[in-house]
Amino acid sequence: MLYNLWNKGTIDRLLSEAGFSFKKSLGQNFLTNPDVCPAMAAAAADSDTGVIEIGPGIGVLTAELAQIAKKVVAIELDERLRPILEKTLADFDNTSVIFADVLKTDLKKIIAEQFSDCKKVAVCANLPYYITSPIIMALLESRLPIDNITVMVQKEAAERLSAEIPSRAVGAVTLAAAFYAEREFLFDVPRHCFTPSPNVDSAVIQFKIKPDVGLKVKDEKLLFRLIRGAFEHRRKTLVNSVSAAGVVSKDQILTALETLGISPTVRAEQLTLEQFGALADEVLK
Ligand code: SAM
């Protein structure tokens, strides 16, 4: 039996039959809008795609993905959702659920074991807000063999992650994401599209993973330390922020900026990713 899993009445009935109550600490806000999940699924997957979903809840996005993708593996932390998901996903034989913490799950292994017959792999999720950044950064940094990450996050995070570089909206996470992926803000999802309704709006963002990291630097770890240090004190100049963060000395960074012809009073948000790369390489000389 197929359920309208976005329907508030259906959600309430399924949850009350299972004696389920929402845990705010797990970021449990379930979608109640019929249009969001089909749009996310269509952006993330096609019939050749194996999809990893994070946090299926009662399976509203999972069911859409199951109808579009070749295979879906959903990872859910909350065991209390098991009896509900067994009901709601019963009709989809290309879909399975693993009950585990996504941050402790070996996604490389899942991809190798479950998606060997899929031409591409995607991650698609309405992410639990309390761990949005750790999940996105772990996905990007682990260099999984994936085509895209299509996720719903808080609107503010989506704007930061997809910000044009350079611009005032840029943060360290923007540059880190741009290092690994092409970023695109897809659409807004207002707060009234969920039960319970969160006190912030959301948005869907897509990362298309660069097959080969575009920017080549001598020491990637130094690049990321430099980026984090540069944005640690947003009101300071890059020189003062980086040196206060203890990444490199004031003299080193000033000399590097001078060699590259960049103003000594530049702020982190005014540099491109390529300029940060050149700066990291110059500091090493
Ligand atoms: N996909 C559903 C929807 O769109 O209605 C639910 C999304 S809800 C925002 C986030 C889901 O992530 C919840 O089901 C929650 O239990 C689950 N979750 C929270 N922390 C998790 C973790 N560390 N690993 C896996 N799932 C997690």
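In each ligand, atom 1 is the first atom listed, and ligand 1 is the first ligand listed.
Residue contacts with ligand 1 leave out Leu103, since none of its heavy atoms falls under 4.0 Å from the ligand.
The closest side-chain donor-acceptor pair between Asp251 and Ser249, if any, does not fall under 3.5 angstrom. For Glu232 and Ser241, the side-chain atoms include no donor-acceptor pair closer than 3.5 Å. In this model, no donor atom of one side chain and acceptor atom of the other lie less than 3.5 Å apart for Gln154 and Ser202. No donor-acceptor contact under 3.5 angstrom links the side chains of Asn29 and Lys24, judged on distance only.
Looking at ligand 1, you won't find any N or O of Phe30 less than 3.5 Å from one of its N or O atoms.
With a heavy-atom cut-off of 4.0 Å, Ala100 touches ligand 1 through its backbone alone. By the criterion of a heavy-atom distance under 4.0 Å, neither the backbone nor the side chain of Leu61 is placed next to ligand 1. For Pro56, every heavy-atom contact with ligand 1 shorter than 4.0 Å involves the backbone, none the side chain. Contacts of Tyr130 with ligand 1, taken as heavy-atom pairs under 4.0 Å, involve the side chain alone.
Using modelled atom types, one side-chain atom of Asp78 and one backbone atom of Arg80 make a donor-acceptor pair closer than 3.5 Å. The backbone N or O of Ala43 lies less than 3.5 Å from a partner atom in the side chain of Gln206, making a donor-acceptor pair. In this structure, Lys71 contributes its side chain and Gln114 its backbone to a donor-acceptor pair below 3.5 Å. Counting only distance, with no hydrogens or angles, the side chain of Glu76 and the backbone of Gly57 share a donor-acceptor pair below 3.5 Å.
Near Ile75, with a cut-off below 4.0 Å to any heavy atom, the atoms of ligand 1 are 25 (C), 26 (N). Residue Ile131 has at least one heavy-atom neighbour below 4.0 Å for each of these atoms of ligand 1: 23 (N). The atoms of ligand 1 that sit less than 4.0 Å from any heavy atom of Leu26 are 15 (C), 19 (C). Atoms of ligand 1 lying under 4.0 Å from any heavy atom of Val60, numbered from 1 in the order shown and given with element: 3 (C), 4 (O), 5 (O). Within ligand 1, counting atoms from 1 as listed, the ones closer than 4.0 Å to a heavy atom of Leu77 are 20 (N), 21 (C), 22 (C), 23 (N), 24 (N), 25 (C), 26 (N), 27 (C). Listed by number with element, the atoms of ligand 1 under 4.0 Å from a non-hydrogen atom of Asp101 are 22 (C), 23 (N), 24 (N). Counting the atoms of ligand 1 from 1 in the order shown, those under 4.0 Å from a heavy atom of Gln28 are 13 (C), 15 (C), 16 (O). The contact set between ligand 1 and Gly27, taken as ligand atoms under 4.0 Å from a residue heavy atom, comprises 8 (S), 9 (C), 10 (C).
Of the protein's non-hydrogen atoms, Leu31 N, 2.9 Å is the one closest to atom 5 (O) of ligand 1. Scanning all protein heavy atoms for the shortest distance to atom 24 (N) of ligand 1 gives Val102 N, 3.0 Å. Of the protein's non-hydrogen atoms, Pro128 CG, 3.9 Å is the one closest to atom 18 (N) of ligand 1. Looking only at heavy atoms of the protein, atom 4 (O) of ligand 1 is closest to Asn126 ND2, 2.8 Å. Among all protein heavy atoms, the one lying closest to atom 6 (C) of ligand 1 is Gly55 O, 3.4 Å.
Distances from atom 14 (O) of ligand 1 to the heavy atoms of Glu76, Glu53, Lys23 put Glu76 nearest.
Paired with Asn240 under the rule side chain to side chain donor-acceptor pair (under 3.5 Å), one option of Arg235, Lys250, His233 passes, and it is Lys250.
Contact annotation: the side chain of Ile98 approaches that of Ile110 to within less than 4.5 Å [non-hydrogen atoms, C-beta and beyond].
A salt bridge between Asp201 and Lys155 is absent, with no side-chain N of the basic residue lying under 4.0 Å from a carboxylate O of the acidic one. A salt bridge is defined here as a Lys NZ or Arg NE, NH1 or NH2 lying under 4.0 Å from an Asp or Glu carboxylate O, and Glu159 with Arg168 fails to meet this definition.
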